Amino acid sequence: MAGFSERLAALLQQRRRDDLYRQRQTLQSAQGPVVRVDGLEYLNFCSNDYLGLAAHPRVIERFRQAAVEYGVGSGASHLVCGHSAPHHALEEALAAFTGRERALLYSSGYTANTGILTALLQRGDHVFEDRLNHASLLDGGLHSGARFQRFAHNDVRALEAKLARADGPRLVVVDGVFSMDGDTAPLAELARVCRMHDAWLMVDDAHGFGVLGERGVGSTEAARLAPDAVPILMATLGKALGTAGAFVAGSEQLIEGLIQQSRNYIYTTALPPAVAAASLEALALVTEEAWRRDYLATLIHRFRLGAEQLGLPLLPSASAIQPLLVGDASRALALSARLRERGFLIGAIRPPTVPAGTSRLRITLSAAHSETQVDQLLDQLAACWAAD
Ligand SMILES: *Cc1c(COP(=O)(O)O)cnc(C)c1O
């Protein structure tokens, strides 16, 4: 009796019954405001390509050149012989851009977060995480061996009460921009509380990096925080930068410590060097083309204004993530399907990704969208909500 087969059958059946079954769609085009699925074109409002760099000609060209020079695979882990010049140049550029001593690349945001937390934390330490943190942060904290405590979303006073009761090394971990709600962490207050209680603050800025702040450094720049207020800054390259991978930026000591003992860094093949080279080009575009951030901000404003006038259930988000709260999973799924019939790709986010009863349409805007496309989206949302 294996048992596994019965267990899987029960899982799949339950997921279907609860309208929580997940399915992939296969894209037949590059990422962009218009994508092709099953031979049909859709307006894409669910990608994290916030600045429209995933298929930018300069990023593609740099990738192509680096592939010719460095090949496709990195060949080994960073500590063996997989660390190449493009990786090194990208780490130095990211450190300079974020104003940190050093930066270290990981193959993905998921492995970075679990890798940082499990390497840094030990039994006897305390880790405090916002309840709505990304799964990779929660998983890393849970598996770290430290005492793991969640605090209510963005509730600095609740956090402070927990910090006051804990002793020994303390780490507070938050998303800069929350991935399913689009709201931001109160970083200045969090930094103040951490300083008062001698705790370290770690910020995962997957959705702020490249987008927020005057230069696009992200949530910490927008909150005007000095580098030492956030000893561990992590962000991903697969969102606004349009490439893949992730990095952590901090002190020389932090980065050397991770190189010595972060298992997710040590025991895995380095990113393809061409991905690092393409990321360098994307980072240059973030700096050179500030208009992408400004234009994205005008689209966000336009969308929120329109949605408000239509009475759509907006959440308090100022970011490119503009979820519409639906509640019921099957209703969210039905709305997403109806929008798809009308040529709009928008994901229905359901439990366990979000708490039960808070299923939503997660709309994401990009600097690659036009104002007309945003207006078309609003028209279709109005029609679908009215028909509901
Ligand atoms: C996407 C995301 C990650 C994971 O990054 P990947 O590079 O996709 O693995 C981590 N944290 C947050 C907040 C994210 O949104």
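Remember, it's a predicted structure, so these values are computed and weren't measured experimentally. In listed order, ligands and their atoms are each counted from 1.
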* Quick one: sort the Phe178 and His153 rings into parallel, tilted or perpendicular, breaks at 30° and 60°. => perpendicular
* To do: Enumerate the protein residues lying less than 4.0 Å from ligand 1, judged by heavy-atom distances, in chain and residue-number order.
  => Ser108, Gly109, Tyr110, Asn113, His134, Ser136, Asp175, Ser179, Asp204, Ala206, His207, Thr236, Lys239
* To do: Look at the rings of Phe344 and Phe45 and say which category their plane angle falls in: under 30° parallel, 30 to 60° tilted, over 60° perpendicular.
  => parallel
* Which of parallel (below 30°), tilted (30 to 60°) and perpendicular (above 60°) describes His126 and Phe128? -> parallel
* To do: Would you list the pairs meeting salt bridge (Lys or Arg N to Asp or Glu O under 4.0 Å) in which at least one residue belongs to residues 134-153, sequence neighbours left out?
  => none
Which atom pairs, one a donor and one an acceptor, fall under 3.5 Å between side chains of residues 218-226 and the rest of the protein, sequence neighbours left out?
residue: Ser219; atom: OG; partner: Asp205; partner atom: OD1; Å: 2.5
residue: Ser219; atom: OG; partner: Asp205; partner atom: OD2; Å: 3.4
residue: Glu221; atom: OE1; partner: Glu214; partner atom: N; Å: 3.3
residue: Glu221; atom: OE1; partner: Arg215; partner atom: N; Å: 3.1
residue: Glu221; atom: OE1; partner: Gly216; partner atom: N; Å: 3.3
residue: Glu221; atom: OE1; partner: Val217; partner atom: N; Å: 3.0
residue: Glu221; atom: OE2; partner: Arg215; partner atom: N; Å: 3.0

* To do: Mind jotting down which residue pairs meet the salt bridge (Lys or Arg N to Asp or Glu O under 4.0 Å) criterion with at least one end in residues 343-365? Sequence neighbours excluded, please.
  => Asp181-Arg360
